[in-house]
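Just below is one structure, and these are the notes that go with it.
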Amino acid sequence: MPRKKTFSFKNLIHKNFRRLEQFIFLLKSLLTPRQFIYLSCVLVGISSALAVIILKTFAHWVFKSSQKLDDILHLPFSNSTLPIIGIIITVIIIKKVLDGSIEKGTSQIMYAVAKKRGIMPRKQMFAQIITSSFTVGMGGSAGLESPITITGAAFGSNYAQNYRLSYKDRTLLLACGVAAGIGAAFNAPIAGVLFAIEVVLAEISITAFIPIMISAATGALISTIVLNDTILFSFKKVQFFDFHNLPYYILLGVLSGFVSINYARTFRKIEHYFTKLKFNYINKALFGAGILGILIFFFPSLFGEGYESIKLLADNQSAKLVQNTVFERFQDSSWVLLIFVSLTMLIKVYATSLTLGAGGNGGNFAPSLFVGSYLGFSVATFFNLIGFTKLPVGNFTLVGMAGILSGLFHAPLTAIFLIAEITGGYNLMVPLMIVSSVSFAISKRFEPYSFDIKNLADKGEVFTDNRDTNILNSIDVSKLIQTDFKAISLSNSLEELVHKIQESDEHIFPVLDDKNNLLGLIHLDEIRPIVFSQFKVKYTAVEEIMQQPKEIIFYDETLETIMDKFDSSECKVLPVLKNGIFLGFMYKQLILEKYRHRLKSMIIE
């Protein structure tokens with residue numbers, strides 16, 4: 001008897017997905033390239049928004065489930081215990097399910113654009129959702145926005161790869177995914193557009209705005225329809241701007257700049273410390289998460305993203321932050337509450353870096369808003385307590401978020417419009433502009449790159465705001481090294497050199513020892529009088545005509561540095577060394593040809 005076909009939900013989904021894919025391929029053949037991009041940015045926006053909804057909902061479910069688990073098991077000091085469990089679950093998933101690694105931070109998006117031609121791993125479409133939900137949902141002191149942007153970028157990148165779009169369109173759709181993710185996460189489409197432009201894309205033409213705006217608007221619309229206010233981060237009550245408070249907003253901007261610098265440098269130090277630790281992944285998770293648990297015990301608002309505590313500060317209800325804590329008996333003392341809030345602000349960077357250093361997954365977007373709100377609250381409360389003036393605490397709490405976000409990510413426009421959008425109006429536009437610009441100026445003065453990409457920028461592995469640098473950094477240096485050379489040793493006679501000259505079209509020959517160390521160079525143009533004299537050829541040693549190179553290129557140098565060496569030495573070809581070993585030559589003309597070719601392909605129109 002023939003076997004009956006069994007119904008498979010998985011097969012049904014796969015079959016429908018294939019049909020949808022074939023339909024999109026059909027549309028691609030019928031539409032113009034520009035029309036297909038518009039269609040694509042809508043589809044990427046929908047995908048990214050759905051990913052945000054899943055991520056936010058799953059993280060919310062993890063949080064609720066962990067609370068129910070605590071009710072059943074009665075975990076001791078649950079607020080401190082749950083983050084440890086969440087981080088351990090995260091590192092186990094990364095180790096056992098995700099091949100032992102996962103890219104964290106928005107810097108990975110810029111690295112993909114600069115070095116991988118906009119290609120992001122397929123696993124990033126789901127890996128961030130799972131891992132960050134367990135980390136943050138169970139109390140890890142980080143944010144979900146960075147995983148959201150990486151997920152959105154991965155959707156845009158893989159969509160473009162699947163439908164065989166060019167590097168230019170792939171990068172554009174990657175940015176569309178990021179814009180849709182931020183737009184959906186905060187119901188802030190303008191902030192999503194600006195974040196994609198300020199943080200992800202170093203440069204962009206005006207025509208690329210349209211697809212990015214469409215994606216951001218699509219993401220925000222779907223998020224608004226599906227998610228409720230308990231999950232979305234928003235404020236409804238805002239006071240109007242009083243110009244008499246202008247000096248205090250300037251002061252808040254200055255403080256925001258310096259706090260941003262301190263946050264960035266402290267985070268990098270702790271991150272570097274955890275990188276050097278020789279513990280295995282479980283012990284590292286226990287070590288970092290254990291310290292995090294202690295911090296949360298004394299400062300409970302460090303638990304999770306901390307958005308609820310921001311709302312309490314904006315409503316001037318700071319006393320609720322110390323309820324059920326060791327500081328509860330001081331909740332009626334305004335000065336103690338101010339000290340508590342200020343300490344929490346300064347300690348947040350340690351909590352976040354411990355969360356991520358221990359192996360948890362999350363980002364610094366939400367922590368930057370957390371620190372900014374606590375800073376703004378502290379400034380306003382301080383001046384109110386000393387009786388010097390009467391400042392609106394809620395306004396300063398909200399504007400402070402823009403100050404730290406601007407100073408930390410070097411994204412002042414994103415900071416301004418994000419806070420304007422989540423407050424439901426533009427009444428605070430003037431103080432937002434002042435605080436964000438002052439903070440950005442100070443942070444930029446001492447930290448040329450945003451803290452999230454500084455390490456990559458220092459190595460030339462990420463785009464900057466310089467077009468030439470961007471294009472040079474996108475070229476693979478290793479593929480420019482010419483390894484087809486005729487080497488000479490000191491023991492060779494000049495007759496052997498002449499023989500090699502006759503067999504080769506090269507005009508420069510390296511002199512190497514038996515370990516391939518470079519001893520010098522022989523330039524054909526400078527030894528022609530010797531080569532055409534039999535007497536000189538017979539009685540001249542290689543060492544006599546060998547010259548030291550004017551400059552040496554090292555294998556790990558950036559093309560920007562390499563071009564500087566070509567310019568300073570006025571040479572057309574330079575030797576390349578790696579760990580002292582001669583690898584070959586690099587020609588300036590070849591670099592310029594690659595530059596011109598890349599320039600045509602990578603400008604987003």
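We number each residue from 1, following the sequence as shown.
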Is the side chain of E551 donor-acceptor paired with the backbone N or O of I562 at a distance under 3.5 Å, no angle test?
no
Just by modelled atom types, is the P367 backbone N or O under 3.5 Å from a matching donor or acceptor in the N364 side chain?
no
Qualifying residues under salt bridge (Lys or Arg N to Asp or Glu O under 4.0 Å), relative to D567, sequence neighbours excluded:
K588
Main-chain N/O of K515 paired with D513 side-chain donor or acceptor, under 3.5 Å:
yes
Tell me every residue that passes side-chain hydrogen bond (donor to acceptor under 3.5 Å, both in side chains) with S368, counting only those two or more places apart in sequence or in another chain.
none
For Y273, check side-chain contact (heavy atoms from CB on, under 4.5 Å) against everything at least two apart and list the hits.
L277, F287
Closest non-hydrogen atom pair between I148 and I182, with its separation:
CG2-N, 4.4 Å
Set of residues satisfying side-chain contact (heavy atoms from CB on, under 4.5 Å) with respect to R164, sequence neighbours excluded:
F25, K28
For residues 402-412, which side-chain N or O atoms pair as donor and acceptor with protein atoms under 3.5 Å away, sequence neighbours left out?
{"residue": "S406", "atom": "OG", "partner": "S436", "partner atom": "O", "Å": "2.9"}
{"residue": "H410", "atom": "ND1", "partner": "S450", "partner atom": "N", "Å": "3.4"}
{"residue": "H410", "atom": "NE2", "partner": "S443", "partner atom": "OG", "Å": "3.2"}
{"residue": "H410", "atom": "NE2", "partner": "E447", "partner atom": "O", "Å": "3.4"}

By salt bridge (Lys or Arg N to Asp or Glu O under 4.0 Å), which residues pair with K565, not counting sequence neighbours?
E557
Could you work out, with side-chain hydrogen bond (donor to acceptor under 3.5 Å, both in side chains) as the rule, every residue matching S157, not counting sequence neighbours?
Q161
What residues form a side-chain hydrogen bond (donor to acceptor under 3.5 Å, both in side chains) with E145, not counting sequence neighbours?
Y307
Looking at K284 and F274, would you say the former's side chain and the latter's main chain have a donor-acceptor pair under 3.5 Å?
yes
Return the set of residues passing side-chain hydrogen bond (donor to acceptor under 3.5 Å, both in side chains) with T32 (not counting sequence neighbours), or none when no residue passes.
Q35
Compute whether any side-chain donor of one residue and acceptor of the other, for Y159 and S40, lie under 3.5 angstrom apart.
yes
Donor-acceptor contact below 3.5 Å, side chain T135 vs main chain N361:
yes
According to side-chain contact (heavy atoms from CB on, under 4.5 Å), who are the partners of M433, at least two apart in sequence or on a separate chain?
I416, M429
Excluding sequence neighbours, so at least two apart, what forms side-chain contact (heavy atoms from CB on, under 4.5 Å) with N262?
T266
Let me check something: any side-chain donor-acceptor pairs from residues 345-358 under 3.5 Å, sequence neighbours excluded? List them with distances.
{"residue": "K348", "atom": "NZ", "partner": "S141", "partner atom": "OG", "Å": "2.6"}
{"residue": "T352", "atom": "OG1", "partner": "S141", "partner atom": "O", "Å": "2.9"}
{"residue": "T352", "atom": "OG1", "partner": "K348", "partner atom": "O", "Å": "3.2"}
{"residue": "S353", "atom": "OG", "partner": "V349", "partner atom": "O", "Å": "2.7"}
{"residue": "S353", "atom": "OG", "partner": "Y350", "partner atom": "O", "Å": "3.1"}
{"residue": "T355", "atom": "OG1", "partner": "S141", "partner atom": "N", "Å": "3.1"}
{"residue": "T355", "atom": "OG1", "partner": "A351", "partner atom": "O", "Å": "2.8"}

